[in-house]
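Heads up: the structure comes next, in structure tokens.
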Amino acid sequence: MFSLTSMPSTTSVLSTYTSFAASTMLLRTVINEVQSMTSQLITPTTPRENLIQAWRPISFQSTETIEHRSIHLSFHKKYREKVLSTYLPYVVDRSKAIKEENKVVKLHSLGNPCQEVNLNHPSTFDTLAMDTKLKKELMDDLDRFLKRREFYRRVGKAWKRGYLLYGPPGTGKSSLIAAMANHLKFDIYDLELSNVYSNSELRRLLVSTANRSIVVIEDIDCSVELQNRQHGGYNHADSQLTLSGLLNFIDGLWTSCGDERIIVFTTNYKDRLDPALLRPGRMDMHIHMSYCTPCGFKILASNYLKVESHCLFTEIEGLIMDVEVTPAEVAEELMKSEDPDIALTGLVAFLQQKKKKQQVKCTEEEKVNEQGKQSPEMEEEGEKKVKKECKRRKARRGKYQHRGSNSESNSKRDSGQTGVL
């Protein structure tokens, strides 16, 4: 006999209906996507037949950490060649593209496998206070690098690219690296040379990096004192890392063990680096991170204050042309108030004060130079110091003293102006 107590509750009925409706909507979305992709593969001269008969899941095997999904594909045998040669490769490529779009960029501390975090740095090329022309040039270079798998294989080169970011502190070198990683969806491996004690250890760290990654060595000019290849012995008793080992790390045989790798060096003083590190093939593109420019200021004002124009812009741009101020200093002043009038007025006062300090400093340096010229002994002593410094650099650089044509190829890039968020 029928009993009311055996009937399911209203909550159970609604829950079952909701689950069924959600599953139906998901299946309908998948079918529509598949039909859309299928229709694109049929040429206009081909009759509108169903290329794919069915996509349906056949098994779901899951463990605590891994979930395996299988899909059964049905199609007529006359479409076998088209499906295998065109349709399935398209599905695989599209799947990889979606996976890359949804990829979470990671930041690794190279040499410490346990130190891995998500890179939540918000820097992008859209918000980076960087010269528009140089920004486009860099983005085009990165995009061109990604598309050249067959090109690098054809010319016989490892699929890698080197970038040197140089300029004063506070000009946005780290922010640019984060923007590159977010643009390419590449993981970042941060390498501290001071923690590397031999060339073999450096090679081991290179092999441990994944494809589609950026290896970063910041402040390379002060990370470690590298021993020149022409001299014996080492600068540190505990370190056997040499300049030769670093050069092999950048473009030696071991660089061919992976693809789509980018190596980035940063430095505040480009002239302190050995010319052997700077030649094309190692550092292919040199990017000058200079003081703030009017173009960079406008981007910062748009980012921080959401203003595209203001009556104080002309005065500020004129002061920026006269004063050496970093984008970080400008950004700090703009953060002091959300009111554009207050923030920009404060920036004007800051720039005027900085201009006065720089004028006083220049006046003092001129007085010192005049006094030095009046004293023959001081002038002779200065010449001796210069000659001594030249000899020291010549001995350290050896046969890599002259860069040759590389200086001319990068002179145009050296004039770029960049900044920070």
Side-chain angles (χ1 to χ4, degrees), residues 130-131 134 137-138 140-142 144-145 152 155 157-169 171-174 176-177 180 189-194 196 199 202-203 205-206 214-231 235 241-256 261-291 389-418:
M130 186 174 183
D131 180 76
L134 182 61
E137 182 181 354
L138 176 57
D140 291 343
D141 190 80
L142 292 172
R144 185 166 53 249
F145 169 76
Y152 278 90
V155 300
K157 293 185 63 176
W159 194 7
K160 67 175 186 62
R161 190 95 174 136
Y163 296 89
L164 174 69
L165 313 182
Y166 68 97
T171 52
K173 294 183 283 293
S174 298
L176 179 56
I177 294 172
M180 292 169 63
Y189 289 87
D190 183 28
L191 176 58
E192 286 283 348
L193 289 181
S194 58
V196 181
N199 296 336
L202 190 61
R203 289 194 297 269
L205 294 176
L206 174 64
I214 302 176
V215 180
V216 178
I217 303 179
E218 294 191 277
D219 298 322
I220 188 172
D221 57 303
C222 54
S223 295
V224 65
E225 288 292 334
L226 298 173
Q227 175 59 40
N228 192 293
R229 293 185 289 186
Q230 293 185 339
H231 298 334
N235 294 322
L241 180 63
T242 64
L243 175 61
S244 177
L246 182 59
L247 298 179
N248 290 331
F249 171 84
I250 300 172
D251 70 341
L253 293 175
W254 286 92
T255 58
S256 61
R261 283 204 181 99
I262 290 178
I263 300 176
V264 178
F265 287 171
T266 71
T267 179
N268 296 336
Y269 307 99
K270 179 182 176 181
D271 57 343
R272 293 183 182 179
L273 299 182
D274 195 293
L277 289 170
L278 305 179
R279 70 164 179 80
R282 288 171 181 154
M283 293 296 103
D284 302 290
M285 188 173 182
H286 299 188
I287 302 174
H288 185 204
M289 311 290 285
S290 186
Y291 292 103
E389 179 68 14
C390 291
K391 290 181 180 180
R392 185 187 68 81
R393 289 189 177 185
K394 185 176 180 181
R396 181 173 64 87
R397 293 178 179 178
K399 67 177 182 179
Y400 296 101
Q401 183 177 1
H402 300 288
R403 288 179 53 196
S405 61
N406 183 43
S407 298
E408 297 179 1
S409 65
N410 291 287
S411 60
K412 294 183 179 180
R413 297 190 177 99
D414 289 350
S415 62
Q417 306 293 326
T418 61

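Keep in mind that the numbers below use all heavy atoms, side chains included, and drop hydrogens, waters and symmetry copies.
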_Separation between OH of Tyr269 and CG of Asp221, rounded to the nearest 0.5 Å_ = 8.0 Å
*Nearest-0.5 Å distance, CG of residue Asn248 to CH2 of residue Trp254*: 11.0 Å
_Gap between atom OG of Ser174 and atom CG of Asp219 - 0.5 Å precision_ = 8.0 Å
*asked:* Measuring only between side-chain heavy atoms, which start at C-beta, is Val215 closer than 4.5 Å to Ile262?
replied: no
*Does a side-chain heavy-atom distance below 4.5 Å link Glu218 with Leu193?*
no
*With distance as the sole test, does Asp284 use its side chain to make a donor-acceptor pair with the main-chain N or O of Pro280 at under 3.5 Å?*
no
*Does the side chain of Leu191 come within less than 4.5 Å of Phe249's, by heavy atoms?*
yes
_Apply side-chain contact (heavy atoms from CB on, under 4.5 Å) to residues Leu164 and Thr267 and explain how you reach the verdict._
CA-CA 8 Å; Leu164 174 69; Thr267 179; 4.1 Å; yes
_Main-chain N/O of Tyr166 paired to His286 side chain as donor or acceptor, under 3.5 Å_ = no
*Any donor and acceptor pair, going by atom type alone, linking the side chain of Lys160 with main-chain N or O of Gly281 inside 3.5 Å?*
yes
*Give the minimum heavy-atom separation between Ala158 and Ser256, together with the two atoms involved.*
CB-CA, 4.3 Å
*asked:* If I compare all heavy atoms of Ser290 with all of Pro168, which pair ends up nearest, and what's the gap?
replied: CA-CD, 4.4 Å
*Would you say the side-chain atoms of His288 and Lys270 include a donor-acceptor pair closer than 3.5 Å?*
no
*On the ring face of Tyr152, is Lys157 found with NZ or CZ under 6.0 Å from the centre and within 45° of the axis?*
no
*Looking only at non-hydrogen atoms, find the nearest pair between Ile250 and Thr255 and report the distance.*
O-CG2, 3.1 Å
*Using side-chain contact (heavy atoms from CB on, under 4.5 Å) as the criterion, point out the one residue from Met180, Lys173, Arg161 that pairs with Val264.*
Met180
*Shortest non-hydrogen contact from Leu138 toward Tyr163*: CD1-CE2, 3.7 Å
*Nearest atoms (heavy-atom pairs only) where Leu277 meets Met283*: O-CG, 3.2 Å
*Take Glu137 and Met285 through the test side-chain contact (heavy atoms from CB on, under 4.5 Å) and record every step on the way to the result.*
CA-CA 10 Å; Glu137 182 181 354; Met285 188 173 182; 3.9 Å; yes
*Do Asn199 and Thr242 meet the criterion of a side-chain donor-acceptor pair at a distance under 3.5 Å?*
yes
_Taking the basic N atoms (NZ, or NE/NH1/NH2) and the acidic carboxylate oxygens, is any pair closer than 4.0 Å for Arg282 and Asp274?_
no
_Close side-chain approach of Leu142 to Asp140, heavy-atom, < 4.5 Å_ = no
_Distance, nearest 0.5 Å, that separates CD1 of Ile220 from CZ of Arg272_ = 13.5 Å
*Grab the two heavy atoms, one from Leu165 and one from Ile177, that are nearest each other, plus how far apart they are.*
CD1-CG1, 3.8 Å
